[in-house]
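Here is the structure we will look at.
Counting begins at 1 with the first residue of the sequence. None of the values given here were measured: they were computed from a predicted structure.
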Amino acid sequence: MFLLYEYDIFWAFLIISSAIPILAFLISGVLAPIRKGPEKLSSYESGIEPMGDAWLQFRIRYYMFALVFVVFDVETVFLYPWAMSFDVLGVPVFIEAFIFVLILIVGSVYAWRKGALEWS
């Protein structure tokens, strides 16, 4: 039988965890001083007067390397629990992990062939 009162703690936690950030934004919006001026609109560089334009263009290669790193980092996060409980989960989970790694290898080969992993 499904009883709603079993989830009271969950709903209380959800409401409180949603209310705290909302209240923080509301309180800071009410209490924060609003001063507009040239100093407020200038970019901040460690207390030093900015030199030149504050907008810099970065090469897309930095983002591509970061994206590849994140993909393989997430792969490690997903594969570690599978490796630790391999003897309990059995062959179907091994097949799922193999398919997961295969998809990542295909994506890596695709990125390599497109030249996304070349620095120069």
Side-chain angles (χ1 to χ4, degrees):
M1 176 185 253
F2 181 71
L3 300 174
L4 285 178
Y5 68 86
E6 293 178 356
Y7 293 97
D8 288 345
I9 293 176
F10 168 75
W11 292 116
F13 179 76
L14 184 68
I15 290 169
I16 291 171
S17 63
S18 299
I20 288 175
I22 292 171
L23 285 174
F25 278 116
L26 289 175
I27 291 171
S28 69
V30 169
L31 297 179
I34 300 173
R35 295 186 192 117
K36 297 198 184 222
E39 276 304 310
K40 186 77 170 177
L41 298 175
S42 70
S43 59
Y44 180 75
E45 295 181 9
S46 302
I48 301 171
E49 286 293 323
M51 303 169 117
D53 193 17
W55 294 96
L56 297 175
Q57 291 185 352
F58 290 100
R59 294 178 60 195
I60 191 69
R61 300 282 179 213
Y62 297 118
Y63 299 109
M64 295 303 289
F65 272 83
L67 187 61
V68 169
F69 170 77
V70 167
V71 165
F72 286 103
D73 195 37
V74 169
E75 174 191 6
T76 305
V77 167
F78 281 125
L79 286 179
Y80 186 74
W82 280 335
M84 290 292 105
S85 58
F86 174 70
D87 56 342
V88 177
L89 298 175
V91 177
V93 174
F94 174 74
I95 294 171
E96 290 176 8
F98 183 74
I99 292 171
F100 179 71
V101 170
L102 189 65
I103 290 170
L104 286 173
I105 289 173
V106 168
S108 176
V109 168
Y110 175 77
W112 193 352
R113 288 205 176 162
K114 284 291 191 177
L117 302 178
E118 295 176 9
W119 191 256
S120 59

Return all side-chain donor-acceptor pairs below 3.5 angstrom for residues 23-31, not counting sequence neighbours, or 'none' if the list is empty.
| residue | atom | partner | partner atom | Å |
| --- | --- | --- | --- | --- |
| Ser28 | OG | Ala24 | O | 3.2 |
| Ser28 | OG | Phe25 | O | 3.0 |

Listing, residues 98-111 side-chain donor-acceptor contacts under 3.5 Å, not counting sequence neighbours, or none:
none

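Proximity of a side-chain donor or acceptor of Ser18 to a complementary backbone N or O of Ile15 within less than 3.5 Å is not detected.
Cluster membership check: Trp112 shares its hydrophobic cluster with Val68, using side-chain heavy-atom separations under 4.5 Å among Ile, Leu, Val, Met, Phe, Trp and Tyr. Hydrophobic clustering, with ILVMFWY side chains joined whenever heavy atoms are under 4.5 angstrom apart, keeps Val74 apart from Leu67. Following chains of ILVMFWY side-chain contacts shorter than 4.5 Å, one can reach Val70 starting from Phe78, so the two form part of one hydrophobic cluster.
Clustering of Ile, Leu, Val, Met, Phe, Trp and Tyr by side-chain heavy atoms under 4.5 Å joins Tyr80 with Met84.
In terms of the ring pair (Phe, Tyr, Trp, His ring centres under 6.0 Å) criterion, residue partners of Phe86 (sequence neighbours excluded) are, by chain and number, Phe94. Every residue two or more places apart in sequence or in another chain was checked for a ring pair (Phe, Tyr, Trp, His ring centres under 6.0 Å) with Phe13, and none qualifies. For Tyr63, the side-chain contact (heavy atoms from CB on, under 4.5 Å) partners two or more places apart in sequence, or in a different chain, are Phe58, Ile60.
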